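Right, one structure below, let's go through it.
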Amino acid sequence: MDSDRKSTVSSFYGGRKGSLDALNQDFNSPAPAGRTHDDASSFFNPDRNSRGSIDLLAGPPPGAMRNAGYNRGEFFHAGREEPLKGGRDEEEVPDTADWDVYADFNNVGPRYSSALGLGAEAGYQSLSGGATPKAEETSGPVEMVTVPALGPEWGKAEMRDMTKGGRRERQAETRRRIWRDWTQGRRGGRWFTKRVIVFGCFGIIAVIAIVIAFCIPRVPSFALSNDNPLVNATGPFASEVRTLFSAAPANFSFPAFANLQVDTTGNYLPLSFKHLRAQVFDLDSGFLIATGDLGHKTLPAKSLPDIQLPLNFSYVATNDSDTTWMNWHKACENKILFSDGKRPGVRFRLLLDMVINGLPGSYSSSTQVNNANCPIELPSTSA
């Protein structure tokens, strides 16, 4: 007999007694005086009653000596008693030849076991729907029961990525990653690298500098003619302005041209003026005595062109003793009124204000003359 199949009942193999159920323990009378023995020796004692003459389940008859083998008193009562089963010869074989021993498990036919009163004699009825078809009897595809899958369980990071802020963060992170990869040389290929970008920018800056040097206009310089800075006006402009000198009330007005020389040698392209305005101030009194506007004018580059700027002289004084009126009236008198035939000169300052196409803002230039001839000559009979 294998060791794992040996009974653990202490009376069978001897040795110390195991624990017993005190509630189901059959307390016997004390052993008779004389030779003492243990349970192990009582099992093999020939003087005792034979084991085969006693019903193992019902116990010894009244008055019979208790057997030390397997009996009712040696076991714990489990509550439910099952009838003992025999071998194959005690199995109740159904009359039909196709009896299936697996009927207990697939719910067809009478059950083999009647432990729970579910056998054929208990009126067992199969479940609704009939017997489960066998695999070999099934025709066509087997319909499988589809259990709907659970929905996705979104995490906080995934829910954040679904918002506009999350998308902006991902886009910003993508841009940072692209910039980092490009600065570390992992993007850009052969031509779009940092070295190519640096040399390309240097070349672009050089080209822009060359274009600026040749295309952007320079502010020109102006100079009045030394011989005749002011000349008498002719043409349509002369007819628009009336020549007048009056002592009462003291005033004067007349047209004139300012002879100017413009220096455009610093320009590589023609110089275009949006407007060129002039103002004339008397040096002795500081009063404004003339204004003019050349308008739109284009001058050639790399040259010293001469232009005539139209001026409209106009001044009003309180009386004929005004210094400004007296100076200009005396300078414009007829030559025969002077013994040497020379008229005194005039002193003035010319202020130019210009706007050049291609340059932002406005620019100004000024010059002064200390001895210039009056552009007109009054009749000898004028007061």
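Keep in mind it's a predicted model, so treat the numbers as computed, not measured. Values reported hereafter were calculated over all heavy atoms of this structure, with side chains retained and with hydrogens, waters and symmetry mates removed. Residues: numbered from 1 along the sequence shown.
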>> Contact between Lys274 and Met354 at the side-chain level, heavy atoms closer than 4.5 Å - yes or no?
In response: no

> Just checking, any donor-acceptor pair under 3.5 angstrom between side chains of Ser225 and Asn259?
Replying inline: no

>> Ignoring hydrogens and geometry beyond distance, is a side-chain donor-acceptor pair present between Thr265 and Asp263 at under 3.5 Å?
In response: yes

> Counting only heavy atoms not in Met159, do more than 12 sit closer than 6.0 Å to its CE atom?
Replying inline: no

> Does atom CZ of Phe338 have more than 12 heavy-atom neighbours from other groups under 6.0 Å away?
Replying inline: yes

>> Arg347 vs Asp282, test: salt bridge (charged side-chain N to carboxylate O under 4.0 Å, His left out). Steps then yes/no.
In response: CA-CA 6 Å; Arg347 302 173 64 246; Asp282 185 77; over 6 Å; no

> Do the side chains of Leu288 and Phe254 join up, straight or via other hydrophobic residues, at under 4.5 Å, putting them in one cluster?
Replying inline: no

>> Could you report the tightest heavy-atom contact between Ala331 and Val346, atom names first, then the distance?
In response: CB-CG1, 3.3 Å

> Would you find a donor on one side and an acceptor on the other, under 3.5 Å apart, between the side chain of Ser246 and the backbone of Pro249?
Replying inline: yes

Please list, one pair per line, the donor and acceptor atoms closer than 3.5 Å that link side chains of residues 233-245 to other protein atoms, with sequence neighbours excluded.
unit_1, atom_1, unit_2, atom_2, d
Ser239, OG, Pro236, O, 2.7

> Do the rings of Phe252 and Trp328 sit parallel, tilted or perpendicular, given the 30° and 60° boundaries?
Replying inline: parallel

> What's the shortest heavy-atom distance between Ala247 and Asp320, and which atoms?
Replying inline: O-CB, 3.8 Å

>> To check you understand the geometry: which heavy-atom pair defines the closest contact between Phe222 and Phe273, and what is its length?
In response: CZ-CZ, 4.0 Å

> Among all residues two or more places apart in sequence or in another chain, which pass the side chain to side chain donor-acceptor pair (under 3.5 Å) test with Glu173?
Replying inline: Arg176

> Are Val219 and Leu309 co-members of a hydrophobic cluster defined by side-chain heavy atoms under 4.5 Å apart?
Replying inline: yes

> Does any donor atom in the side chain of Ser285 or Thr323 lie under 3.5 Å from an acceptor atom in the other side chain?
Replying inline: no

> Within the side chain of Gln184, is there an N or O that forms a donor-acceptor pair under 3.5 Å with the backbone of Asp181?
Replying inline: no

> Are Asp306 and Val262 side-chain neighbours, meaning at least one heavy-atom pair lies under 4.5 Å?
Replying inline: no

Anything under 3.5 Å between a donor and an acceptor, one on a side chain of residues 363-379, the other on a protein residue two or more places apart or in another chain? List them.
unit_1, atom_1, unit_2, atom_2, d
Tyr363, OH, Pro360, O, 3.1
Glu377, OE2, Lys335, N, 3.1

>> Side chains of Thr324 and Ile289, heavy atoms from C-beta outward: is any pair under 4.5 Å?
In response: yes

> Should Ile307 and Leu352 be counted in the same cluster of Ile, Leu, Val, Met, Phe, Trp and Tyr side chains packed under 4.5 Å apart?
Replying inline: yes

